Structures are given as structure tokens and as C-alpha cells.
A.B. asks: 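I'd like to ask you about the structure that follows.
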Amino acid sequence: MVVRAQSSAAGVLALLSEPDPVFKQHALKTLHPLVPQFWPEVSEHIALIESFYESEQLSKDARDLAALLASKVYYYLGEYDEALSFALGAGSAFQAETREYTCGEYVETIVSKAIDRYIQQRADDISMGTKTDPRLQSIIEAIFQRCIDEGEYRQAIGIALESHRFDIISRVYDITHDVSLLSYTMDAVLDTGFSLSYRDQVLNFLLPLFPAPSSRTKSSHIHSLARLLVALNNPSLTLPLLTSLVPKERLLAYQFAFDLVEGGTRDFLEGVRKVLPEGKEGTTEIFDKLRHILGGQESAKLYLEFLKRTNKVDMLILKNSKDSLEPRSSIYHTALTLQNAFMHAGTTSDVFLRENLEWLGTATNWAKFSATAALGVIHKGYFQEGMNILGPYLPQNGAESQIQGAAYSEGGALYALGLINAGCGSGQTVEGYLRETLKNSQGEVVQHGAALGLGIAGMGGRSSAAYEDLKETLFSDSAVAGEAAGYSMGLIMLGSASQTCAEEMITYARETQHEKIIRGLAMGLAFVFYGRQEEADETIRSLLTEKDPILRYGGVYTLALAYAGTSNNDAVRQLLHIAVSDTSDDVRRAAVTSLAFLLFKNPGQVPRIVQLLSESYNPHVRCGATLALGIACAGTGMQDAVGILEPMTKDSVDFVRQGAFIALGMILVQQSEASSASMSSTRALYTKVISDRHEDPMARLGAALGQGLIDAGGRNVTISLQSQAGSRNMNAIVGMALFCQFWYWYPLAHCACLAFEPTAIIGLNEDLKVPNFEFVSNARPSLFAYPAPATPPKKETAAKMATAVLSTTAKVKAREKRKAAAEFDAMETDDKAEVKRDGDVEMKTEDPAAQGSDESKASTLAKRKAEPNFESIANFSRVTPGQLGYINFSPEGRYQPVRPVSLNTPVTKGGKVVFPGANKKGTGPSGLVAERAGGGGILVLVDERPDEEAELIDLSPPAAPQATANGSAVPNGHVPSERTLHIALDESTPDAAPPEWFEYPFDDDT
């Protein structure tokens, strides 16, 4: 049969040489189905076939057939550009081929190449004013029409976005009126590698297409609108939408303002506040509330109160860490300081500090600086009382103390003040104080703390006065103060892409001899170009070609932050190239870590990308892979990432193990044992490593940090680099970039708290008060439960020494035992073993241990079966990101949210409720953080029964006292200024129990 087919193909090919056009056309038509099998033979006649395409003697149909045949031959030869060119020349013949899909892969490949060429030609048309090939245009128009006819709207939108065809997007929306397609278009342009200018064009085009939001229809697209306006960062575009909701949709206006605060930058929110009108009679109060919400302080107050009230810190974990880590070692003291700070972040609970004054008093120098700065993490968001809380430690009367060692506590307090006010929009008061302190201080330690505090408190404010003060500190050429000034200059000008600032910083970095200053400026440059994409390209190229590896290090972070969250392919490719080619280990490690900043919106890709890097021979590359997994997959519980990290906890290099411990803590934060199989083993691993005095200090530090991160914020926060609406979380991205610098400067690890996002549902009524009501979580309570409290180790009784027994004595006892057993068998008649027909003996045994085990299993099984499939949750309670899809507000309930809690609703599969994005077992979300739309957080509620008296949660009194480890009770919250805690660092601290309120300042280190 093969021989016959070959001879048939040869015969047909022979017809191509016939002079009669009829024979030629017949040969061309006959050869088409034979090409997939006999293309090598046909390719020998390709020149003749091409001549038929160009011949005027053949009919149009024959020329089209010749062009299509040549296209197929070139396709099989791997010459895809030539294949596309002849396919375009085939005209109607290729159109018929696409309709029939008779060639499968051939058609798909040519269509794909056609789309790529069309996109390129459209880009050339826009930039150079050329005209697209009409033959190519007709193919693409047919593709658009087919997508629309078959309901493949997202595919059509994707091609339209790439080819700048806004008319297709409008056409699809006019046909469907599906708002989710507009949201999809917005997500596509924001989360992929489109240029900044084109992104803004698309967003400005989409904005008027979105319908006006309405609380009556629970507008599901309000989060998309908020994200769109935050991305445009234009107050003048935000104002019309916000004012259109007043007064009829005032509740939705409040909700919209809260959502803007969640993702908006400081300068954007301030701009919106300034342009809001004063309002007329009846609307003045509404606009005043909107201004109050947009200030950010209302959100900070609510989240602070949530963290205070729901604090679930397990003090036994901290106690065990303190007992295991030697306090006289600076690295161990810092480890426990950071662990405690992370676990109590935002809770305002300093119980552990008050109960461990002796441990705290061992801090010296920079460990003392970190210990004081930890107060800023613990009280983060408590901006009303920040100055009072830190009052005893701050420089008094505007001048630094002359007491030896006091500079470290003063510098740490200034840094803490910045952390407390980060993202609170607290105005100029704190910034003014920090600026004055910076100018009046002479010591570099105090200047260091003041500069860091100023940068974090004024992040994104773009204050020229603050920038100039920091620049003056930089020019003093003090290594310690200059490093902080470099970081903070970038923080103040965050995202400004100011070329003037960039040139000043690069110039000084090249001139100074201090590596610390160079590093601070290198990272500062990365902050200046945050989110600016192609506007940063020239600076990135310049930095990456520098001889100084620290500046190349800055170039890596500039690339990562400029394209943060875009998954830009070119940027990813560039980082991977640097990771395997740069001569500096620091630069290579930074390049791998920086992949997380590009890909955190697609965390599922990261394990696959860093898999090989995690097995590199270079330990710095392996370390970078651990942090990349931790940052990108934070809060997801992604098992693929955990599977890579768990073997790395046994790496031969200590700092690789350190990175693995930290990354596991980030990934498993807020996971339960029911949702993650690795939860209990990871916690046990942390305890084991911290308590092992033979373990490397670096690894023990990593375990302590991981333990703090996994229980961060009283177990009520997650770590996320994006907001619940999907916007980039500026504070979190900057905080994580600074946290990665702990490798060189431990105090910067405190900045991880900027990425801590409280996971709560906080419902507010129209008066912005908190009503007392419940909603339902349609999932097993254990799936999202708090971890069980740690249990103290059991006291082991001393085992008795074995008594020596002579061999002859043992033989005598054995004979006596056998004799007694024989006599017992002879006397036993009723309970003798039953002999079966086959001769086997079935022994009747009653093993109490086995029986107890069976009973335990039965009891566990019974409990599991008895566990309900839902639970009622009170307002102002923790709701994890994975739990949002299960939340339901009863239609009969009094309070209803003005927007959906989540658009990722669970579905029923096989009789089980499964959340989209769940893991294989269907027990919990995987990569949910990147997929969520809608969200919890602060929800404005519609009161369906406004005539009834509302029961409100009183937020004014302090939360109930917390029981401490020794059984005493201490208030959970801020201590009034006249009773502010005063840390005693001198060795003469009395052993007697302290009074209820006491002071312990860092005032004496003699």
C-alpha cells in the first residue's frame, strides 16, 4: 500500500510538468491531502509550485491552490515566516482551510503566526503611520468573528488588547453587556507586560464603559472600578464617580472610599480628599465622612481594634524560644526580639516585654536599637498615641541624650515612630517632628533612626522638604546615617521616577567610599522607580552595567520594583540571566529573590521557575530561591512551594536553611492543620531547631523569624503583596523589599510588618459604627480554625538502672517459667484455644493498648463525622482569605453588604463544597490570594430594618485584660503616657515583682 501511495504521489507530481493548465490545477488539488505524508518529495518541486503562484496563465483558484500548497510545504520544512507569506497569498483557499480545520496543527500554527505578525504590524502602524497588509487584516477579522460567533469572548479580547483594537472590545461588550469581561480586560492589561502608557490608554477607555454602581444590585464590579482608578492615580477621574454616588448611594460611596484606601497611594488619596466638594445642605456630613475615610485613619483604627480584641498569641511559644536562645548573644537577642514583634504586630500587647525585663536588659548597642524599634511593630497603627507610647525613649527637648548607650534606644524609638505611622495618613505632625530631630541630632545612630522613621512615615508623600533634609544628612558622609538617608530618600519619592533625584543619588553613590551608603542609595533608586515600568529602563541598564556589584544589586531591585506584579516576560528573562551569570553572589541571590516581586500575582508559576535554581551548586542562588518562594506564595499554603522548601531545611549551608525556615513561615501563615498537611511538622521543626544548641546561629535565627511570621499579628494577619481588590499593595511590596535587606542590617527586618494584612470582616452601618450580628461560613470549622495552643513538655521520670543478672540465674528463671506455663495449660479447660478444622489456632487476646487505640480512632472518627459543615461568625472576627468564598449573609438577615464579599464562590462537586482554586483534596485554597476578587475587610452594610434599635459593639473601652504566662492579668493595650513602660537595662534591676504599672527606659548602659 505504501509503495502504491508513493507511486501515486510521484504520478501526481509528474502532472505538474504538463503544459495543460487543467492538469496542473488537478495536480495541485490532489497534492493537498498528500502533503503531510509526502512533503519531502513535494518539497523537491517547491520552485515549480511557487512559479505557478506567480503565473498569469493559471486561474485565480489555481494560483491560490499553489500558494496554499507552498505554504504547507514550508510549514513542514520549519520555515514558518515563508509559510505565512504564502498562506496570505492563498486568499480564499486558506480561508476555506481555516473553516474546515482539515490540517489541524498547520492551521493553528499559521493562525498563531498571523496574529503575531498582525500585532507587530499594528504596533508599526501606530508608531510609523504605515498600513497593515489587507490580506492579513482579512484573516484577523475572520478570527475575531469566529471568536464572537463561538462565544470565545476572552480570546477575542486578548487578541484585541495585543493589537490595540479597542473597537473589538466595545463590540464584544455591546453584544454581551457582561461587566465581568470589562474586569477581565482590566486585569489582563494590569497584570501582564503592557507598557505604562498603553495601560493608561486602555484603562481610560474602559472607565466610561463600566455601568454606574448601585447598592441595590450589589455591584460586583466596584472592586474593579476601585482598582482601575487606583492604577490611573488620577484624582480628577475619581471625583466624578465618587460624587455621583452622593446622596442616593452614600453607603456605596463609603464602601468605595474604603476600597480606595486599601490600594491607593498616599498622594492619590490626598489628591482626592482635596478636590472633594464641601457639599450642600444634606450632603455636607456625607462628604465630611468621605474625607475622613480617605485619610486612612479610620481603617487603621478599625484594624487596630480588631487585632487587639482577637489577639491569639501563644505565649508558651515565646517562652520556649526565650529559654532556648542565649540572651547574651546579640544575634539570639535580635532573633527573639523580631519573633515577639511579628507575633504581636499591631496588637498593642507588650506583655512579653514586661514579663521578661531581665532578658530585655541584656540588650546592648544595635540589639537595643532593634528592641526599641520592635515597639513600633507591636503598636503599628496606633498613631493617636504613638508619641506617648515612645515618649520615654525619644530624644527629650529636641536634643539627643548624652548618657552612654541612650543613642541606640533613641534611634530605635524614632524608627518605631515611623513604623507606627506607616500608611496611616497621619499628616505632617510626625513628619515634622522627625525632620526636626534629624536636623538637630549630631550622633549617627539617632540620625539613622530618624531617617528611617521619616522615610517610612512619609512613604510616597514626595515631600521636597523631607527629601532635602535627608539629602543633607547623606552629604555628611556618615556611613550609618547615610545608609538610612539613602533608603529614605527613595521612600519619600516612591514611584515618582524623578530623573533629578535619580541623577543625584547615582552620582553620590559613585563618589562615596562607604558601602553602606552605596547600598542605601541603590535600594533608594529602586523605590524611586517603583511601578514605573519602561520609564525605569534607562536607569536599569545603567545600573546593571556598573562595575560596583552593590550598584548592580540596586539595578536588580530597580528592575523588580519597576515591573512589580506585571509578570513581564522580558524582566523575568533578564533576572534569570543575571541569576546564572553575574560574578557577585549577592547580585545573583537578589536576582532570584526578585522574581517574587514580578510574579506574586501568579504564585503558581514560581515553584516551577525556581525548581532548578533551588538545586543550584551556589548556596546564594539556593537562598534566593527560598525567599522567592516565600514572598510570592505567601499566605497561600501552596504545597508545591512547601515541597521544594522542606528538603532545603536540611541544606548543608546555614543561611540556606535560614531562608527555608523564613519562607515556610510566610507560606503557611493562617493555614490550619486541616488545610495544610505540613503545618504541624513545620511548627515542630521550628521548635526543634530553636532549642538545638548545636544548630548554627543563622539557622536558629531563621527558625525564630519563621515562627514569628507563621503566627504574625496574633494569628490574625496574612502576608500579601496585593490588596483584596487585586491592586498592588505598595506598603507590602516596599516592606518586603526592605525586609530582604536584613541580610546586611537586622533592624530592617522589622519592615516585614508593612506586609501584614489583617484578615477580618468588619461590618459598618451608615454611621460607621459596628453593629453586633452574625454571618455564616459554609465550611467545616476546623478548616479555618486557629491553631491549637502549644502544650508544655511532659516531665520525664528518671528511668531506673537495670539490675545485673548472671547468665546462670537467667537460665534457672527461664526453666521455671516454662514449667509454670505447662502446668497452667494442663489445668485450663474452658478457655482453651479453639482448634479449627485446618489446624490453625485462633488466640483470644485482649490487648488493652490495642483496645484503647481502636477506641481513640473511633472517637476521632466520630468527632469528624459530628463536625458541622458550617459555623456562625460574629462581626469583627477573623475570616481568612481562603474562607471568603464560603461566607454567606442570610437573605433574611438584618444587615447586608453593599458589595459581594467574594466573587470566588464555592461550587458543589461530588456532593462536596469545593472552593475554586482548592487543592487536590478540596480542603483548602491553593494560590487563592492571587485569584480573589471582592473581599472581606471593611464592609459597609445596608440595614434592612432601620426602625429597630441596633445593638452596637462598643469600641471605646479598652479590651479585656489578658492572662499572662504567670497567671497575672495585664491590660491589653496602650499604657497611658504618665505610666508608660520604662525598660530597665542596668544590672541593678530588683528581683522583686514589679508593680502593676512601671517604667523601664533605655537610659543607662553603664
Side-chain angles (χ1 to χ4, degrees), residues 187-188 190-194 526 533 540 544 552-553 555-582 585-649 651 656 659-660 662-668 678 719-722 728 732-733 736-737 739-740 755 917 919-920 925-931:
D187 292 341
L190 286 174
D191 297 341
T192 49
F194 289 104
Q533 296 185 208
I540 292 169
L544 291 179
R552 296 203 304 275
Y553 178 95
V556 166
Y557 272 99
T558 305
L559 174 63
L561 296 189
Y563 289 91
T566 64
S567 302
N568 184 281
N569 287 332
D570 291 336
V572 171
R573 195 177 299 113
Q574 196 169 0
L575 287 179
L576 289 173
H577 174 71
I578 295 170
V580 297
S581 63
D582 200 275
D585 285 335
D586 283 1
V587 177
R588 296 179 68 178
R589 184 182 65 253
V592 182
T593 301
S594 294
L595 290 170
F597 295 101
L598 291 173
L599 300 170
F600 64 82
K601 289 188 178 179
N602 298 289
Q605 296 182 9
V606 181
R608 176 178 55 84
I609 291 175
V610 305
Q611 173 71 59
L612 289 177
L613 296 173
S614 69
E615 300 170 1
S616 169
Y617 73 92
N618 189 317
H620 292 267
V621 173
R622 298 201 301 274
C623 179
T626 63
L627 290 178
L629 288 168
I631 295 171
C633 305
T636 65
M638 190 176 293
Q639 197 57 43
D640 289 344
V642 173
I644 296 174
L645 288 169
E646 284 180 337
M648 300 180 78
T649 61
D651 197 277
V656 177
I662 293 172
L664 283 173
M666 292 181 181
I667 294 172
L668 295 176
S678 303
I719 299 172
S720 177
L721 269 60
Q722 63 177 322
R728 288 179 302 198
I733 294 171
M736 272 299 156
F739 170 78
C740 290
N919 59 28
K920 293 180 180 180
S926 176
L928 177 63
V929 175
E931 299 173 359

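Please read these numbers as outputs of a predicted model, since none were measured by experiment. Quick note: residue numbers are just sequence positions, from 1.
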A.B. asks: Return the set of residues passing ring pair (Phe, Tyr, Trp, His ring centres under 6.0 Å) with Tyr563 (not counting sequence neighbours), or none when no residue passes.
C.D. replies: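 Residues passing ring pair (Phe, Tyr, Trp, His ring centres under 6.0 Å) with Tyr563: none at all.
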A.B. asks: Just verifying a value: how many Å separate Lys601 NZ and Leu190 CG, rounded to the nearest 0.5 Å?
C.D. replies: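 It is 6.0 Å, given to the nearest 0.5 Å.
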A.B. asks: Any chance you could measure Leu645, atom CG, to Ser678, atom OG, to the nearest 0.5 Å?
C.D. replies: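 The CG atom of Leu645 sits 10.0 Å away from the OG atom of Ser678.
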A.B. asks: Looking at Asn618 and His620, would you say the former's side chain and the latter's main chain have a donor-acceptor pair under 3.5 Å?
C.D. replies: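 Yes, because the side chain of Asn618 sits within donor-acceptor range (under 3.5 Å) of the backbone of His620.
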A.B. asks: What pair of heavy atoms forms the shortest contact from Val656 to Thr626, and how long is it?
C.D. replies: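 Looks like O-CG2, 4.0 Å.
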A.B. asks: Tell me whether Asn568 contacts the main-chain N or O of Ala571 through its side chain, where contact means a donor paired with an acceptor under 3.5 Å.
C.D. replies: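 Indeed, once roles are kept as given, a pair shorter than 3.5 Å links the two residues.
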A.B. asks: Can you name the residues that form a side-chain contact (heavy atoms from CB on, under 4.5 Å) with Asp582, not counting sequence neighbours?
C.D. replies: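 For Asp582 the side-chain contact (heavy atoms from CB on, under 4.5 Å) partners, ignoring immediate neighbours, are Arg552, Ile578, Ser584, Val587, Arg588.
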A.B. asks: Check side-chain contact (heavy atoms from CB on, under 4.5 Å) between Ala737 and all other residues, then give those that pass, not counting sequence neighbours.
C.D. replies: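 Residues passing side-chain contact (heavy atoms from CB on, under 4.5 Å) with Ala737: Met523, Phe527, Leu561, Phe597.
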A.B. asks: How many angstroms lie between atom CG of Asp191 and atom OG1 of Thr566, to the nearest 0.5 angstrom?
C.D. replies: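 Here the rounded value is 9.0 Å.
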A.B. asks: Using the side-chain contact (heavy atoms from CB on, under 4.5 Å) criterion, which residues pair with Ala755? Sequence neighbours excluded.
C.D. replies: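 For Ala755, the residues satisfying side-chain contact (heavy atoms from CB on, under 4.5 Å) (neighbours in sequence not counted) are Ile719, Ala732, Met736.
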A.B. asks: Taking the side chain as every heavy atom from C-beta outward, state whether Thr192 and Asn569 have any pair of such atoms under 4.5 Å apart.
C.D. replies: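 No, too far: nothing below the 4.5 Å cut-off.
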A.B. asks: If every non-hydrogen atom of Cys633 is compared with every non-hydrogen atom of Met638, which pair is closest and at what distance?
C.D. replies: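 Smallest interatomic distance, heavy atoms only, reads SG-SD, 4.0 Å.
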A.B. asks: In the structure I gave you, are the side-chain heavy atoms of Gln533 and Phe194 within less than 4.5 Å of one another anywhere?
C.D. replies: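 A side-chain contact under 4.5 Å is absent here.
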A.B. asks: Between Val592 and Gly624, what is the shortest heavy-atom contact and its length?
C.D. replies: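 The pair with the smallest heavy-atom distance is CG1-C, 3.5 Å.
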A.B. asks: Can you find a heavy atom in the side chain of Leu627 that is under 4.5 Å from one in the side chain of Ile662?
C.D. replies: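 When only atoms from C-beta onward are counted, Ile662 and Leu627 do touch, with a gap below 4.5 Å.
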A.B. asks: Please name all residues satisfying salt bridge (charged side-chain N to carboxylate O under 4.0 Å, His left out) with Arg573, sequence neighbours left out, ordered by chain then number.
C.D. replies: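 By the salt bridge (charged side-chain N to carboxylate O under 4.0 Å, His left out) rule, Arg573 matches Asp570.
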A.B. asks: When rounded to the nearest 0.5 angstrom, what distance separates OG in Ser567 from CG in Asn602?
C.D. replies: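 Answer rounded to 0.5 Å: 4.0 Å.
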A.B. asks: What residues form a salt bridge (charged side-chain N to carboxylate O under 4.0 Å, His left out) with Asp585, not counting sequence neighbours?
C.D. replies: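 With neighbours one apart ignored, the set is empty.
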A.B. asks: Any side-chain heavy-atom pair from Val580 and Leu576 closer than 4.5 angstrom?
C.D. replies: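 Result no, sub-4.5 Å side-chain heavy-atom pair not found.
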A.B. asks: Output every pair passing salt bridge (Lys or Arg N to Asp or Glu O under 4.0 Å) with a member in residues 629-648, not counting sequence neighbours, ordered by first then second residue.
C.D. replies: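 Residue pairs with at least one partner in residues 629-648: there are none.
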A.B. asks: For Gly630 versus Ala663, what's the shortest heavy-atom pair and its separation?
C.D. replies: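 Shortest heavy-atom contact: CA-CB, 3.7 Å.
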A.B. asks: Which residues satisfy the salt bridge (charged side-chain N to carboxylate O under 4.0 Å, His left out) test with Asp651, sequence neighbours excluded?
C.D. replies: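 In terms of salt bridge (charged side-chain N to carboxylate O under 4.0 Å, His left out), with neighbours along the sequence ignored, Asp651 is linked to Arg622.
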A.B. asks: Which pair of non-hydrogen atoms, one from Ala628 and one from Val610, has the smallest distance, and what is that distance?
C.D. replies: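 Answer, listing the atom of Ala628 first, then Val610: CB-CG1, 4.4 Å.
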A.B. asks: I'd like to know whether Val642 forms a side-chain contact (heavy atoms from CB on, under 4.5 Å) with Leu664, so could you lay out the CA-CA distance, the side-chain angles of the two residues, the decisive distance to 0.1 Å, and finally the verdict.
C.D. replies: CA-CA 7 Å; Val642 173; Leu664 283 173; 4.0 Å; yes
A.B. asks: For Leu612, check side-chain contact (heavy atoms from CB on, under 4.5 Å) against everything at least two apart and list the hits.
C.D. replies: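 So Leu612 forms a side-chain contact (heavy atoms from CB on, under 4.5 Å) with Glu615.
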A.B. asks: Would you say that Tyr557 contacts Cys740 through its side chain, given a criterion of any heavy-atom pair below 4.5 Å between the two side chains?
C.D. replies: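 Heavy-atom side-chain distance check passes, below 4.5 Å.
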A.B. asks: Between atom CG of Leu544 and atom NE2 of His577, what is the distance when rounded to the nearest 0.5 Å?
C.D. replies: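 Spacing of CG (Leu544) from NE2 (His577) equals 10.0 Å.
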A.B. asks: Nearest 0.5 Å, please: how far is CD1 in Ile644 from OG in Ser614?
C.D. replies: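 Between Ser614 OG and Ile644 CD1, I get 5.0 Å after rounding to 0.5 Å.
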A.B. asks: Might you point out which heavy atoms bring Ile667 and Ala641 nearest each other, and give the distance in Å?
C.D. replies: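 The answer is CD1-CB, 3.7 Å.
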A.B. asks: Mind checking whether Val621 and Arg589 have side chains closer than 4.5 Å, heavy atoms only?
C.D. replies: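 No - every pair of side-chain heavy atoms lies 4.5 Å or more apart.
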